[in-house]
Amino acid sequence: QEWKNTFATWNPQDFCNISKVILPMESYWSPPIFIFERVDGQNPNLNYMVITHNGSFNSTQPFQATLTCSLMIFKFPFDTQTCNLSIASFLYPVTDLVMKTRRTPADMMRDSQSYFLTDGEWKFTNLSITEYIEDTDDGQFSVVTYMISMERRPTLYILNLILPTCALYLLDMAVLFGPSSLEEKINFQIAIILGSSMLAVILNNILPTSSNRPPVIGTH
């Protein structure tokens, strides 16, 4: 966070060329920030701010937050999800506090790709920023929303789910139209049903349940 305070300025030449100082957060006013989608998280312990001689305040507080996001898994495991991270301050209306982003979406996208886990299930694909005014019963407030797009890596699901399922159905057709006896076909059909049931249980355990439309792979 960065903001200006014209009452906190000084001439560095009058104070041994000191151009900036580090003080606790409670020493001066700082904008209270809220995240709409946050449901849990860890608050930071770095409660300090940097004050420069021209009245510029800078506060960096890294923290981890758990957010709510509506998932669309109809194309699972080849799906792409978009989640929002909305930041606002509902203690000060837009006439008192206006929130702006200093960096461009391209710069934030580049840094986010370097920080994001590259070996996880999700691949970070896009980041866009929207600045708007939120109308509430208490007035108008400045809001900044980060729209984060992620693409699922389907390799693990293809190897552990899709390929075994296709192999079972191919074996089913081969035995059904093969020269085997009726008893052997029945026994193999039972084995196919048991295998399909096990794959269905595995699929039910790994699929997220927060989507209104079930995935195509779970309905066939």
Side-chain angles (χ1 to χ4, degrees), residues 1 31-44 61-94 97-165 199-220:
Q1 304 177 45
I33 299 301
F34 305 95
I35 300 178
F36 288 178
E37 298 84 3
R38 182 175 179 177
V39 294
D40 194 7
Q42 299 177 358
N43 294 325
Q61 298 184 8
F63 63 91
Q64 180 181 3
T66 301
L67 310 177
T68 59
C69 183
S70 179
L71 298 180
M72 301 297 297
I73 59 173
F74 182 72
K75 297 181 180 179
F76 176 89
F78 306 98
D79 53 328
T80 300
Q81 306 296 338
T82 300
C83 297
N84 294 340
L85 175 64
S86 303
I87 302 176
S89 179
F90 287 114
L91 297 182
Y92 298 93
V94 69
L97 177 63
V98 178
M99 300 186 60
K100 295 289 184 181
T101 55
R102 184 187 65 178
R103 308 176 64 187
T104 62
D107 294 337
M108 298 190 66
M109 175 72 179
R110 182 177 60 253
D111 292 342
S112 298
Q113 286 179 334
S114 63
Y115 297 146
F116 197 75
L117 294 177
T118 57
D119 57 348
E121 180 181 358
W122 295 95
K123 178 181 178 182
F124 192 82
T125 58
N126 189 32
L127 173 66
S128 59
I129 304 175
T130 303
E131 300 175 358
Y132 62 96
I133 304 299
E134 180 76 15
D135 291 327
T136 65
D137 296 337
D138 298 329
Q140 294 181 330
F141 300 90
S142 178
V143 182
V144 176
T145 299
Y146 299 87
M147 289 171 285
I148 305 169
S149 298
M150 297 176 293
E151 180 180 356
R152 193 191 304 269
R153 290 186 172 96
T155 305
L156 181 64
Y157 299 99
I158 293 176
L159 296 177
N160 295 337
L161 186 62
I162 297 179
L163 290 182
T165 303
L199 288 176
V201 171
I202 296 174
L203 177 62
N204 184 63
N205 292 332
I206 65 177
L207 283 180
T209 59
S210 58
S211 177
N212 293 328
R213 300 181 63 186
V216 177
I217 191 175
T219 56
H220 292 79

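A quick note: this is a predicted structure, and the numbers were derived from the prediction, not measured. Excluded from the calculations below are hydrogen atoms, water molecules and symmetry mates; all remaining heavy atoms, backbone and side chain alike, are included.
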Mind checking whether [X] and [Y] have side chains closer than 4.5 Å, heavy atoms only?
{"X": "Cys83", "Y": "Leu67", "value": "no"}
{"X": "Trp122", "Y": "Arg153", "value": "no"}
{"X": "Ile73", "Y": "Gln81", "value": "yes"}
{"X": "Pro77", "Y": "Ile162", "value": "yes"}

Approximate separation, where rounding is to 0.5 Å, of [X] [atom1] and [Y] [atom2]:
{"X": "Met147", "Y": "Leu85", "atom1": "CE", "atom2": "CG", "result": "11.5 Å"}
{"X": "Thr145", "Y": "Met99", "atom1": "OG1", "atom2": "CE", "result": "9.5 Å"}
{"X": "Met150", "Y": "Lys123", "atom1": "CE", "atom2": "NZ", "result": "13.5 Å"}
{"X": "Phe141", "Y": "Ile133", "atom1": "CZ", "atom2": "CD1", "result": "10.5 Å"}
{"X": "Ser128", "Y": "Tyr146", "atom1": "OG", "atom2": "OH", "result": "11.0 Å"}
{"X": "Ile87", "Y": "Asn84", "atom1": "CD1", "atom2": "CG", "result": "11.5 Å"}

Checking Glu121 side chain against Arg152 main chain: does a donor-acceptor pair fall under 3.5 Å?
-> no
Without swapping roles, check the side chain of Thr82 against the backbone of Ser149 for a donor-acceptor pair under 3.5 Å.
-> no
Start with the C-alpha distance between Ile148 and Phe124, add both sets of side-chain angles, then the distance that settles side chain to side chain contact (heavy atoms under 4.5 Å, CB included), and finish with yes or no.
-> CA-CA 8 Å; Ile148 305 169; Phe124 192 82; 3.2 Å; yes
Could you pull out the closest heavy-atom pair between Asp79 and Met72, with the gap in Å?
-> CB-O, 3.9 Å
Can you name the residues that form a side chain to side chain contact (heavy atoms under 4.5 Å, CB included) with Val98, not counting sequence neighbours?
-> Val94, Lys100, Ser142
